[in-house]
Protein chains: 2
Amino acid sequence: MSKQNTPSLVVMKSTLSRLPLYYSYISRLQADGVESVSSALLAGHLNLNPVLVRKDLAQVSSVAGHPRTGFEVKQLLEDMSEYLGYNKMDEAILVGVGSMGRILLTNTKFAKFGLNIVVGFDKDPYLCGLQLDGKHILPMEKMPSLVQRMGIRIGIITVPDDQAQSVCDQMVKAGIQAIWNFAFVPLKVPEDVLVKNENLPSSLAVLAHKLAMRSPLPKELNPIIEN
Amino acid sequence: MSKQNTPSLVVMKSTLSRLPLYYSYISRLQADGVESVSSALLAGHLNLNPVLVRKDLAQVSSVAGHPRTGFEVKQLLEDMSEYLGYNKMDEAILVGVGSMGRILLTNTKFAKFGLNIVVGFDKDPYLCGLQLDGKHILPMEKMPSLVQRMGIRIGIITVPDDQAQSVCDQMVKAGIQAIWNFAFVPLKVPEDVLVKNENLPSSLAVLAHKLAMRSPLPKELNPIIEN
DNA sequence: TTTCAATAGATAAAAAAGTATCGATATGTC
DNA sequence: GACATATCGATACTTTTTTATCTATTGAAA
């Protein structure tokens, strides 16, 4: 679907979560010198329905795909990059420089996905002042002013569960508009603040339950792949 | 809904992913001495629709909720525990004792959720032989025999992306039936192997896109909370 | 040049997930 | 003891997401 066909301006959340997968795979294709890609190929590789992939691509591609060859890799990557905001970097702060916080803070891969975690905060005085791969760790007190001064909109919470709500409140007060929450507690936020929870127990529940269901009946024969 | 009303034996995946949230919250209630809980209370706390919560609970609760008071906390926790398999521990191995691997390997919280990561594997000879919080780290070569000997069915992949498929293949060959994949690559597996992907870029895409949409139009007024 | 298989795009159907509504029923209040 | 009300359970409905089907078009091979 090219833009003139009035694509639905509202993107499906599910589409959105698949796009990075497409992007990642197509990037690798490009690195291998491949110049065009079909939805069938993508679907096959990602265990998805080809029609679903086609519809997803239609949402983001600025040009129609060519019958018989598919989509041009270069153009498609540009469109997806644009669409996902991988070009214009979003800046974020992170609170809680524990083990998980460190992983996120020092993971260089986020830059590729348009996220720049500019600094980490922690209440531990022994951590404050240190740097991890060039990322400063500052005391919590400095959070509000930095957020405001830099106009930062995204906050990442990687503190222990029992401190998450308090940190969340401080973030909101400082002006943070979107929170990526790695603590396994629901956060209470004002209506205009966005929260995305990352929770492993939920994922695990799905996996474990399916595995448990498996034993009695051999069931279906298609590979079951969950994102 | 009590069991006699022929509850749909197929559980919604979405229900399954919410159950741990209920469980966690209700556990805290119990710790506070609360003895019964209503779907409205749960819903309010978790930003969900009360009807949705009620339907979820109906799937797992062995007894009907009481009008006016809701569900008995003790019984409900037992039912959920049973349902989610938090009682009977699943054993798992983990491959890739890097930063992420270490978090999972040493996180004591998984035990509460019915997962026991018994050992970590790594190809780095300097890591092998060490222990992390009592969890041994062994060389990859020992993986197949251990998996077979202990009848382990779950494998966790926390290696760099470019090694994930290879590790996956080895796991499958060893007899692993379900894989929890923390690498950001799709895994090719036989049709009878279960894969659950954990991918941060997908989550990020949803968050970032919603945030981007936010700026132009102030839009809705309800808090937007994603799991 | 003609034929043909692969592919996109569009539309329709189905499945999954979530929401609204209503009557029934305990529980506490008057 | 009657009544008001919070809550459940069931049904019906809506929305979202996925899948199926059909047509047109294109590029490559015969």
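Per chain, numbering begins at 1; letters A, B, ... match sequence-line order. What you see below is based on every heavy atom in this structure, not just the backbone, and it leaves out hydrogens, waters and symmetry mates.
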Mind calculating the distance between CG (A:Leu76) and C1' (C:dA8) to the nearest angstrom?
13 Å
Result block: side-chain N/O donor-acceptor pairs under 3.5 angstrom for residues 181-188 of chain A, not counting sequence neighbours:
| residue | atom | partner | partner atom | Å |
| --- | --- | --- | --- | --- |
| A:Asn181 | OD1 | A:Ala183 | N | 2.9 |
| A:Asn181 | ND2 | A:Ala183 | O | 3.2 |
| A:Asn181 | ND2 | A:Val185 | O | 3.1 |
| A:Asn181 | ND2 | A:Asn197 | OD1 | 2.8 |

Flag side-chain contact, heavy atom, 4.5 Å: A:Tyr25 against A:Leu41:
yes
Using a 4.0 Å heavy-atom cut-off to protein, can you give one letter per nucleotide of nucleotides 23-30 of chain D, 5' to 3': B if the base is in contact, S if only the sugar-phosphate is, - if neither?
--BBB---
Five pairs per end, C1' atoms only: what is the angle between the end axes of the helix from C:dT1-D:dA30 to C:dC30-D:dG1, to 10 degrees?
10°
Is the side chain of B:Ser81 donor-acceptor paired with the backbone N or O of B:Tyr86 at a distance under 3.5 Å, no angle test?
no
Name all pairs fulfilling the side-chain hydrogen bond (donor to acceptor under 3.5 Å, both in side chains) condition that reach into residues 26-42 of chain A, sequence neighbours left out, sorted by first residue then second.
A:Ser24-A:Arg28
Measuring only between side-chain heavy atoms, which start at C-beta, is A:Met143 closer than 4.5 Å to A:Met171?
yes
Side chain proximity check, A:Phe110 to B:Leu200, heavy atoms < 4.5 angstrom:
yes
What is the distance, to the nearest angstrom, from the CD atom on A:Glu72 to the C1' atom on C:dT7?
16 Å
Summarise protein proximity over nucleotides 11-23 of chain C in one line of letters, 5' to 3': B for base, S for sugar-phosphate only, - for none, counting protein heavy atoms closer than 4.0 Å.
------SBBBB--
Kindly say whether B:Arg102 contributes a backbone atom to a donor-acceptor pair with the side chain of B:Thr106 at under 3.5 angstrom?
yes
Going by salt bridge (Lys or Arg N to Asp or Glu O under 4.0 Å), name the pairs with one or both residues in residues 156-175 of chain A, residues two or more places apart or in two chains.
A:Asp161-B:Lys109
For B:Gln75 and B:Val63, what are the C-alpha separation, side-chain angles and deciding distance, and is it a side-chain contact (heavy atoms from CB on, under 4.5 Å)?
CA-CA 8 Å; B:Gln75 180 65 50; B:Val63 300; 3.9 Å; yes
Just checking, any donor-acceptor pair under 3.5 angstrom between side chains of A:Ser203 and B:Glu198?
yes
